[in-house]
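Predicted, not measured: the structure shown is a model, and the values here were computed from it.
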Amino acid sequence: MRSTIIITALAASGTVNAGVAGTKNTKRASITPITAKGNAFFKGDERFYVRGIAYQPGGSSANLDPLADPKICLEDIKKFEDLGINVVRVYSTDNSKSHKECMNALADAGIYVALDVNNPLYSINRATPHPSYNAVYLQSVFATIDEFAQYDNTFAFFSGNEVIHDEAESTLAAPYVKATDRDMRAYIKARKYRAIPVGYSAADVSKNRMQTAKYFNCGSDEERSDFFAFNDYSWCKSDFKTSGWDVKVKNFTDYGLPIFLSEYGCTTNGRDFGEVSALMDPKLMTKVYSGGLMYEYTMEENGYGIVNITKGKDITDQTGARIELPEFTAYKKALAKYPAPTGDGGYSQTTKAQDCPPKDDDWLVDSDELPEMPAAAKKYFENGAGKGPGLNGAGSQWAGDAASPTTGSGSGSGSGSGSSSSASASATHNAAGFSVAGPVNKGPFVVTGLALLFTLVGAVAL
């Protein structure tokens, strides 16, 4: 999907809404947390399949948190219940705000949440990853964990989304995303939270998909992800073999971790969501895959939505009437026709590590070592992250305090020092930021002047 979306955010002087991060809300809803076991997910003793939808009203342009505003989420939760989904994926959340009302309402509806921990201002920079992996960035990541770990319906955290792309140079960012992935699990353990699964959402790029998958499942147990997910738009109203999904099942057999599709829903020939039939079929996919997330709920510029929200005063006003589009009914019918199978779906009871991929023309990482966590971030393990910076903070791209880069891990041209203000005077930086635009081809954010101007070509990768 090639499109250009421009997000303009006021400079660091912009007001950050007062929040309650770090405050433990009283739980209302009772819902069984999801765990990872072997190559599958479980809800208690019952196999759990992801039967969900991507949810980001307003898309990249709005850059808002739908789970922090009950006027937005409560109307949509009614639609989610009608659809019959069990997971929503939210790409951008404000870690300075409370999410109690929306998260409890989702739990009451039996719906779990998969969360991306990055946003346009706090993310790994694909072109110069080394300086962007710093304590300021990790504080934002950890603050998001603090806010959502208190909810039993937090299903999973994505450490990154489509950072590794179709350009070989983008693979040099992989060690920094994997280091973030490692740090998130270590932080969850140190803060004595339940073991919320942490993993990566890969782009729909065939040339490095398997290398990426192996990379996030190689090394020590502390370094390996809890799951692997990837976006896939190859089923275009076709079938299991025509789409190539049979090959993808074969490729991931014996992978050793839970796998699911973090986005799917090709629109080329219209959509009847036949993908659900394969995803829920024990003879085809459930031995290897644990479902997927259809892209997406609201109709945005890219044309993938199944619900239209009538326009408000501006792009950030997502409180208008919810109008179901024809594909809403199509997805609802597919979910009803193809329920989750009973039993364990033939899953593998044990996990298994992969060998790290060797360097080649498509994979430029030549070391299995990961960057050390920035020293200034270690204090958060003992004291907690504190209040999050939200979606309008000063940003972390060039905040400094990055650890020394590992060999072959793509330090880029940045020095790891400097500040957000110096970054705003810098040249274009290819930030692996906020990405909610469907199929691959996510372009760069541009940071200029006193304001932070983000130009998204196709959409930007988290």
Nearest 0.5 angstrom please: [X] [atom1] to [Y] [atom2], how far?
X: Ser348; Y: Lys37; atom1: OG; atom2: NZ; answer: 11.5 Å
X: Ile111; Y: Phe80; atom1: CD1; atom2: CZ; answer: 6.5 Å
X: Asp360; Y: Asp366; atom1: CG; atom2: CG; answer: 11.5 Å

Write down the atom of [X], the atom of [Y], and the distance for their closest heavy-atom approach.
X: Val136; Y: Gly395; value: CG1-O, 4.0 Å
X: Ser201; Y: Asn231; value: OG-OD1, 3.4 Å
X: Tyr91; Y: Ser262; value: OH-O, 4.5 Å
X: Ser238; Y: Ser243; value: OG-CB, 3.7 Å
X: Leu391; Y: Asn63; value: CD1-O, 3.5 Å
X: Ala135; Y: Ala377; value: CB-N, 3.8 Å

key: Derivation of the side chain to side chain donor-acceptor pair (under 3.5 Å) call for Asn95 and Glu147   = CA-CA 6 Å; Asn95 54 24; Glu147 169 58 16; over 6 Å; no
What residue among [options] forms ring pair (Phe, Tyr, Trp, His ring centres under 6.0 Å) with [X]?
X: Tyr347; options: Tyr255, Phe42, Phe48; answer: Phe42
X: Phe41; options: Phe155, Tyr289, Tyr49; answer: Phe155
X: Phe142; options: Tyr122, Tyr187, Tyr137; answer: Tyr187

Judged by modelled atom types alone, do [X] and [Y] share a side-chain donor-acceptor pair under 3.5 Å?
X: Asn118; Y: Ser123; value: no
X: Tyr380; Y: Asp183; value: no
X: Thr93; Y: Asp65; value: no
X: Tyr233; Y: Glu263; value: yes

For [X] and [Y], indicate whether the former's side chain and the latter's backbone hold a donor-acceptor pair under 3.5 Å.
X: Glu300; Y: Gly58; value: yes
X: Tyr151; Y: Lys100; value: yes
X: Asn125; Y: Thr128; value: yes
X: Thr154; Y: Ala149; value: no
X: Asn39; Y: Ile259; value: no
X: Arg185; Y: Ala195; value: no

Cationic N near anionic O, under 4.0 Å, [X] to [Y]:
X: Lys250; Y: Asp246; result: no
X: Lys248; Y: Asp232; result: yes
X: Arg322; Y: Glu75; result: no
X: Asp116; Y: Arg89; result: yes
X: Asp181; Y: Lys178; result: no

Taking atom [atom1] of [X] as the centre, does the number of heavy atoms from other residues, nucleotides or ligands within less than 6.0 Å exceed 12?
X: Glu46; atom1: CD; answer: no
X: Glu169; atom1: CD; answer: no
X: Asp239; atom1: CG; answer: yes
X: Asn269; atom1: CG; answer: yes

ask   = Picking from Phe260, Tyr200, Phe252, what satisfies side-chain contact (heavy atoms from CB on, under 4.5 Å) with Phe230?
value =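 Passing option: Phe252.
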key: Verdict with supporting geometry, Ile85 and Leu335, side chain to side chain contact (heavy atoms under 4.5 Å, CB included)   = CA-CA 8 Å; Ile85 63 170; Leu335 290 170; 3.7 Å; yes
request  = Start with the C-alpha distance between Arg194 and Asp152, add both sets of side-chain angles, then the distance that settles side chain to side chain contact (heavy atoms under 4.5 Å, CB included), and finish with yes or no.
outcome  = CA-CA 9 Å; Arg194 66 178 174 86; Asp152 287 340; 3.9 Å; yes
[Y] and [X], any side-chain heavy atoms less than 4.5 Å apart:
X: Ile306; Y: Leu83; answer: yes
X: Arg182; Y: Ser159; answer: no
X: Arg51; Y: Met280; answer: yes
X: Leu115; Y: Leu67; answer: yes
X: Trp235; Y: Thr242; answer: no
X: Gln56; Y: Ser92; answer: yes
X: Asn302; Y: Glu296; answer: yes
X: Pro175; Y: Tyr215; answer: yes

task = Report the residue from Asp362, Asp166, Asp204 that forms a salt bridge (charged side-chain N to carboxylate O under 4.0 Å, His left out) with Arg209.
result =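 Among Asp362, Asp166, Asp204, the one meeting salt bridge (charged side-chain N to carboxylate O under 4.0 Å, His left out) with Arg209 is Asp204.
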ask   = Hey, do the aromatic rings of Phe227 and Phe158 have their centres closer than 6.0 Å?
value =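 Yes, they do, as the ring centres are separated by less than 6.0 Å.
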task = Quick one: do Asp272 and Lys237 satisfy side chain to side chain contact (heavy atoms under 4.5 Å, CB included)? Show the steps, please.
result = CA-CA 7 Å; Asp272 59 10; Lys237 206 173 183 179; 3.8 Å; yes
task = Give the intermediate values and the outcome of salt bridge (Lys or Arg N to Asp or Glu O under 4.0 Å) for residues Asp82 and Lys332.
result = CA-CA 8 Å; Asp82 188 31; Lys332 177 181 176 179; 2.8 Å; yes
request  = Step by step, work out the side chain to side chain donor-acceptor pair (under 3.5 Å) result for Ser132 and Arg126.
outcome  = CA-CA 9 Å; Ser132 64; Arg126 183 190 296 127; over 6 Å; no
query = Has Lys79 got its NZ or CZ under 6.0 Å from the middle of the six-membered ring of Tyr297, at an angle within 45 degrees of the ring axis?
reply = no
ask   = Using 30° and 60° as the class limits, which term best fits the ring planes of Trp245 and Tyr264: parallel, tilted or perpendicular?
value = perpendicular
request  = Report the C-alpha distance between Phe148 and Phe157 in whole Å, list the side-chain angles of each, state the deciding distance to 0.1 Å, and finish with yes or no for ring pair (Phe, Tyr, Trp, His ring centres under 6.0 Å).
outcome  = CA-CA 9 Å; Phe148 286 96; Phe157 291 116; 7.1 Å; no
key: Test log, rule side chain to side chain contact (heavy atoms under 4.5 Å, CB included), inputs Val365 and Trp363   = CA-CA 6 Å; Val365 180; Trp363 186 263; 3.5 Å; yes
key: Tyr338: partners by ring-ring contact (aromatic ring centres under 6.0 Å, His included), with sequence neighbours left out   = none
